[in-house]
Protein chains: 2
Amino acid sequence: MKTLRLNSNDRAVLLGSCFFEKLPAAASSAILDDVVVSTHEEHDILFGQGEALDQVFLVLSGLVRLYRLGKDGREADIAVFPKGELFGESAMFLGNRATANAQAIETTMLARIDSRRLRKLAEQTPEIADALMQLLCRHAQMAEDCLAEDRLLTAPQRVASYILGNCPDGITNFSFRLPFQKNVLAGKLGLAPEALSRAFSALRRSGVTVKGRVIEIHDRQALERF
Amino acid sequence: MKTLRLNSNDRAVLLGSCFFEKLPAAASSAILDDVVVSTHEEHDILFGQGEALDQVFLVLSGLVRLYRLGKDGREADIAVFPKGELFGESAMFLGNRATANAQAIETTMLARIDSRRLRKLAEQTPEIADALMQLLCRHAQMAEDCLAEDRLLTAPQRVASYILGNCPDGITNFSFRLPFQKNVLAGKLGLAPEALSRAFSALRRSGVTVKGRVIEIHDRQALERF
DNA sequence: CGGGCAATTGAAGCTCGTCAACCTTAGTGG
DNA sequence: CCACTAAGGTTGACGAGCTTCAATTGCCCG
């Protein structure tokens, strides 16, 4: 891991991210004042469950996976964060201890924000507090969505749901590229890689073709009915 | 559903709840200024997924279940809120739309707080904003915990984990009473009632006895190893 | 004592995880 | 240009774990 200062490109990514987007410029630059940038290789562990954690992270490039470990060493993914996502914010309110592990899935650049300072800024600036609440809310929703899908849907249905989530409304014919390896998608959906493979096979009958990372939907209706 | 004003007992429950506990008195009474109380029978639906929702709820007595519906009518529990818990707060930040259904599991009294007003108060009062962030964080964690347990643990392990969560540290012999029907516990753990039953059977061999709603642990170590 | 509901138990079926083998692709070096 | 390798992905076979349905037991409150 190397640490750097913030360059202008990084700054653009930060300001364009979901969290900073709606903040007034003054608030943003107050936060960005002492941001540090770090780079990580694929498979690098960013922090581990239970460790002290006094920073909040924003993905400048690459991909980060949040997961927990079972007693037997098995891993369960909680979330996957692409470029522009802020994560690690919950430690801020839970005694500065990480509640999960974080790992870089690809070569990744992170912006690191001091959480104590951010919290102080949130006290002084209602807009920042509001942005934080929206972020927490979004993350809570993501987890609840996952939980509900895990409990209500079968593997092919979860995959169908993921595909539909990437397909604009009112279009029957559509194609898009997975933003990561199938491996990662499987983890995100709570499936073994083999199960994901079989799910794709099952969806072929409903007009889904998969070539490498490219997914084509030929009949949106059929997917929705699945 | 009947609606009432706030009496002194309700007020005590509110002020003693996790959310209000740490708030300065001025902030609390500002919020409680226009609180309304409503009563509900067992099985009453409090609100439904997708409905407009401009209130936040606090359980004064009884029990509330948050759940989502699958296409086939099956239900997946997201959370169960006992007395003193605040819920429905996420709608505040997501366009005032409920993202799940809520149902009274028992005869229940709710305090209803206008969410627009609460949000305004949060802007003006950093302590309220902070309490909200902690609440959101706790709820996010609860969902993540559930998700991780669902994915990492078998049914008996999840039940063991639930029992251990109700058993103070450093004690080998312990007994407590379930705060709700086994039915509800099954839902909370993402199990069919039959599966919960079988899980209890399996745990008998590890020193857990169940009589009605009373659970006895005779060997904490054995449970932890499970 | 009996009705009704929760809880338990049994049997059957389905979904998914696991293990192993195989295929495909890309990258490497002769 | 082609053989070789390595890693991701796919397929098959099998078993574990949970759901479902059905029947039974246990329990509370009339």
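These values consider heavy atoms only, across backbone and side chains, with no hydrogens, waters or symmetry-generated copies. Given the structure is predicted, the values throughout are model-derived calculations rather than measurements. Every chain is numbered from 1, with letters handed out A, B, ... down the list of sequences.
Residues passing the side chain to side chain donor-acceptor pair (under 3.5 Å) test with A/R97: none are found, sequence neighbours excluded. Take B/E106 and apply the side chain to side chain contact (heavy atoms under 4.5 Å, CB included) test, not counting sequence neighbours, and it matches B/L63. With sequence neighbours left out, the side chain to side chain donor-acceptor pair (under 3.5 Å) criterion links B/E224 to B/R220. A search for side chain to side chain contact (heavy atoms under 4.5 Å, CB included) contacts involving A/N173 returns A/H218, not counting sequence neighbours.
Residue B/D72 contributes atom CG, which lies 13 Å from atom P of C/dT15 at whole-angstrom precision. Atom CG in A/L178 sits about 15 Å away from atom P in D/dG8, given to the nearest Å. Rounded to whole angstrom, the span from the CG atom of A/D77 across to the P atom of C/dG17 amounts to 13 Å. Atom CZ in A/R151 sits about 17 Å away from atom C1' in C/dC16, given to the nearest Å. Distance NZ (A/K211) to C1' (D/dG8): 19 Å, rounded to an integer number of Å.
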> Can you give one letter per nucleotide of nucleotides 9-23 of chain D, going 5' to 3': B for a protein heavy atom under 4.0 Å from the base, S for sugar-phosphate only, - for none?
Replying inline: SSBBB----SSBB--
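Proximity of the aromatic rings of A/F57 and A/F47 is defined here by a centroid distance below 6.0 angstrom, and this criterion is met.
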Extract all donor-acceptor atom pairs below 3.5 Å that involve side chains of residues 140-158 of chain A and protein atoms in other chains or at least two apart in sequence.
residue, atom, partner, partner atom, Å
A/Q141, OE1, B/T99, OG1, 3.3
A/Q141, NE2, B/S90, OG, 3.3
A/Q141, NE2, B/T99, OG1, 3.2
A/D145, OD1, B/R68, NH1, 2.7
A/D145, OD1, B/R68, NH2, 2.8
A/E149, OE2, A/S161, OG, 2.7
A/D150, OD1, B/R151, NH2, 3.1
A/D150, OD2, B/R151, NE, 2.8
A/D150, OD2, B/R151, NH2, 3.4
A/R151, NE, B/D150, OD2, 2.8
A/R151, NH1, B/D77, O, 2.9
A/R151, NH1, B/G187, O, 3.4
A/R151, NH2, B/D150, OD1, 3.1
A/R151, NH2, B/D150, OD2, 3.4
A/R151, NH2, B/K188, O, 3.3
A/T154, OG1, A/Q157, OE1, 3.3
A/Q157, OE1, A/T154, N, 2.8
A/R158, NE, A/L189, O, 3.0
A/R158, NH1, A/L153, O, 3.1
A/R158, NH2, A/L189, O, 3.4

